[in-house]
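To start, the structure under review is shown below, and the notes come after it.
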Amino acid sequence: MASPVRVRIAPSPTGNLHVGNARTALYNYLFARQTDGVFILRIDDTDAKRSSDEDIDGVIRGFRWLGLDWDEGYAADGDYGPYRQSERQDLYRSHMEKLLAEGHAYRCWCTPEELDVLRKQAQRERRPFRYPQTCLNLSAAERSAHERSGDPFVIRFLSPREGSVDFVDLVRGDLSVEAAELDDLVIVRTDGTPTYNFASVIDDSLMKITHVIRGADHLYNTHRQLPIAQALGFDLPAFAHLPLLTNPDRTKLGKRSGAVFVGDYAAQGYLPEAVVNFLALLGWNPGDTQEIFSLDELVEAFSLDRVNRANAVFELQKLFWLNGVYIRSMSVADLTDRSIPFLADAGTVDPDQVDLDYLRGAVALEQERLKTLTEAPAALDFFFDAEVTPDPKHLVAKKQTPEASLRALELVLTRLQAMPAWNHDSIETCLRGIAAELGWKAGQLFMPIRVAITGKTATPPLFETMEVLGSTRTLARVKSAIEVLAA
RNA sequence: GCCCCCAUCGUCUAGUGGACCAGGACGCAGGCCUUUCAAGCCUGUAACGAGGGUUCGAUUCCCUCUGGGGGCGCCA
């Protein structure tokens, strides 16, 4: 019986959840849920100076918005905490001491400035830079001089010189790097805090992580971490490196191309369901032609061996479409609720005073036209504006004169006022009757009316719109359109 | 520069030696439907980076090249 799957997402607190991290989190989540495993949230803030509680909250908000709940870790329970690296210093220290004692690590007094000089020199001579192990080869006298001086020092891992570091990646297969390519990397900084590669190895092991699923930008880190894990006597987890998300120019997705944070998409009126669906398909596919997936369906369908190796361009056009698909598939009540914050922001409605039934009626008419929630205010404003301002030239019917159009609108007003019942069918009968009487095509008559009551040429179907708008608003608007045209 | 990884339509991708004059989706174009706009439906557009092998046969296997990406921090 295999041990239960334990996977983690380990963001560094940057105040926002990057979409690349969101996708990595999603894949971890899917893998965990599908295997009845445990999904863990760890905060990788070894660099304590750039982490604040607000920064962590910002990242967490992204996960919550997407609906990726974690079972264990920061802001949850768990037996392997603390789940914030800045609170695990003693663990890193004891492991460091073990490495030091066993000769797997050594103190280094070289300063960043000195190293910088060496690095530049290597660059100039077109050879790879590798730490020359100056401090490993110090004489006893030099070493004790340093020790007595109290000079700041870092701890370096003594990397193996012989052979190769190999592992099997679940998405890329056999990977190998010559040990000679590896450097003696710094595992503990001058201030005593661990670097990423060191803390990560320790935490993954102590937290009993079984599968490390992360971006391909960590591929090389795996080769660096493996020897450390081995020196520490750890069992190794399985690794799966995900293709990177890129900018349209194929470079690693960064800040340069617009929105890269989950929060940006929330603000732009995208639905979490759509974002999740979209992210899932960037680097993975189900093997059949299904494109629309709920989170539960993804849990069902996901598999690591259908993850691609090639990077994926983060292009929004499909997300835009997907968002429309999700908007159309949701209930009017739900869509209304989710639209209200956007409508309130734009000042279209006052959420405390709005007539919810009326709003829902309006939302129902715009539902299949909306692609994002941010479009709601512009789509719905005419339902709430005190008056609309039609463009006179659009009040003139196609192939008709302004005068004829004016007379037609006057007739429409009279007949509408005389109507005993105000509903879709009665309006339709009335208006089609007028068109027939005038000898006009229906569309010829409807457009001026549409413009009169909405102020725009593209709207939901006319009769429904008039029904929702109600007779009072409709008649007042037809009346004022007549005045505009008469002027 | 060095190491590693990757390579099918504009984009996301299917494809694991013949069923492929390469399939789906988004986008784009045209059409149908139609009271406008959408939605829906139909049609079209468009790709195996190049060159060598292996094979009766390569998008699929191998090599080289080219192109792209990642890494090369006391960042994560």
Should C28(B) form a Watson-Crick or G-U wobble pair with both distances under 3.5 Å, which nucleotide is its partner?
G44(B)
Taking only the side-chain heavy atoms of Lys371(A) (C-beta and beyond), determine which of A39(B), U35(B), C2(B) contains the nearest atom.
A39(B)
How long is the line joining CD of Glu113(A) and C1' of C74(B), in whole Å?
11 Å
So, is Asn311(A) close to the C6(B) phosphate, meaning a side-chain N or O under 4.0 Å from OP1 or OP2?
no
For Arg124(A), answer base if it contacts any base atom (sugar-phosphate contacts may also be present), sugar-phosphate if it contacts only those atoms, and nothing otherwise; contact means non-hydrogen atoms under 4.0 Å.
nothing
Tell me which nucleotide among C74(B), C37(B), C26(B) gets nearest to the side chain of Arg119(A).
C74(B)
Side chain of Pro112(A), heavy atoms from C-beta onward: which of C74(B), U35(B), C6(B) has the nearest atom to it?
C74(B)
Distance in angstrom units between Arg224(A) CZ and C5(B) P, rounded:
16 Å
At 4.0 Å (heavy atoms only), tell me whether Val154(A) reaches a base, stays on the sugar-phosphate, or touches nothing.
base
Please state whether the phosphate of U13(B), meaning OP1 or OP2, lies under 4.0 angstrom from any side-chain nitrogen or oxygen of Asn308(A).
yes
Would you mind reading off the distance between Leu185(A) atom CG and G71(B) atom P, rounded to a whole angstrom?
16 Å
Under 4.0 Å between a side-chain N/O of Arg250(A) and OP1 or OP2 of U11(B), yes or no?
yes
Is Arg328(A) near enough to G40(B) that one of its side-chain N or O atoms lies under 4.0 angstrom from OP1 or OP2?
yes
Using atom C1' of each nucleotide, how far apart are G44(B) and G49(B) to the nearest Å?
26 Å
For a quick test of reading the model: is some side-chain N or O of Lys398(A) closer than 4.0 Å to OP1 or OP2 of U36(B)?
no
